[in-house]
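What you see below is based on every heavy atom in this structure, not just the backbone, and it leaves out hydrogens, waters and symmetry mates.
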Amino acid sequence: LEAADAEDGEEVVLWLGELANALESQEEYEVNRAIVVTFLSEMAPERVSEVDELLEEYVGHEEELFTSLAEQYPLSTDKR
């Protein structure tokens with residue numbers, strides 16, 4: 001995965017993909033759930049309760065969910 005020249009949203013997707021690779025040995029649903037819970041815990045804690053509903057809505061299209069979340073909550077590159 002290459003983060004060079006990536007838009008902020010793309011960087012989030014890359015980060016999420018790396019987390020998924022790290023959790024590779026788990027069930028796919030549990031991996032996706034861990035990714036979304038971790039992401040929303042940092043970016044929109046008020047939405048963590050929606051994780052199971054979101055995963056159900058995007059079953060089979062989890063990449064679209066990750067992209068949508070990345071666009072809604074881009075990582076700031078100005079953290080210092």
>> Applying side chain to side chain contact (heavy atoms under 4.5 Å, CB included) to Asp52 and Tyr29, what does each step give before you reach the verdict?
In response: CA-CA 10 Å; Asp52 291 317; Tyr29 177 85; 2.4 Å; yes
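- In this structure, CZ on Arg33 lies 11.0 Å from CG on Leu54, to the nearest 0.5 angstrom.
- Criterion: ILVMFWY side-chain heavy atoms under 4.5 Å apart, direct or through other members. Under it, Phe66 and Val59 are not part of a common hydrophobic cluster.
- A side-chain donor from one of Ser68 and Gln72 sits under 3.5 Å from a side-chain acceptor of the other.
- The distance from atom CD1 of Ile35 to atom CG of Leu40, rounded to the nearest 0.5 Å, is 11.5 Å.
- The cluster map of Ile, Leu, Val, Met, Phe, Trp and Tyr, joined by side-chain heavy atoms under 4.5 Å apart, puts Val48 and Leu69 in the same cluster.
- Between the CD atom in Glu57 and the CD atom in Glu64 there is a gap of 10.0 Å [rounded to 0.5 Å].
- With rounding to the nearest 0.5 Å, the separation of CG in Leu55 from CD in Glu30 is 9.5 Å.
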> Checking salt bridge (charged side-chain N to carboxylate O under 4.0 Å, His left out) for the pair Glu50/Arg47: CA distance, chi angles, key distance, verdict?
Replying inline: CA-CA 5 Å; Glu50 299 174 33; Arg47 294 196 63 197; 3.1 Å; yes
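- The environment of CD in Glu46 is crowded: more than 12 heavy-atom neighbours from other residues, nucleotides or ligands sit within 6.0 Å.
- A heavy-atom distance below 4.5 Å is not found between the side chains of Asn32 and Leu65.
- Scanning all heavy atoms of the two residues, the minimum distance from Tyr73 to Met43 falls at O-CE, 3.2 Å.
- Summarising the geometry, atom OG1 belonging to Thr38 is positioned 8.5 Å from atom CD belonging to Glu42; distances are rounded to the nearest 0.5 Å.
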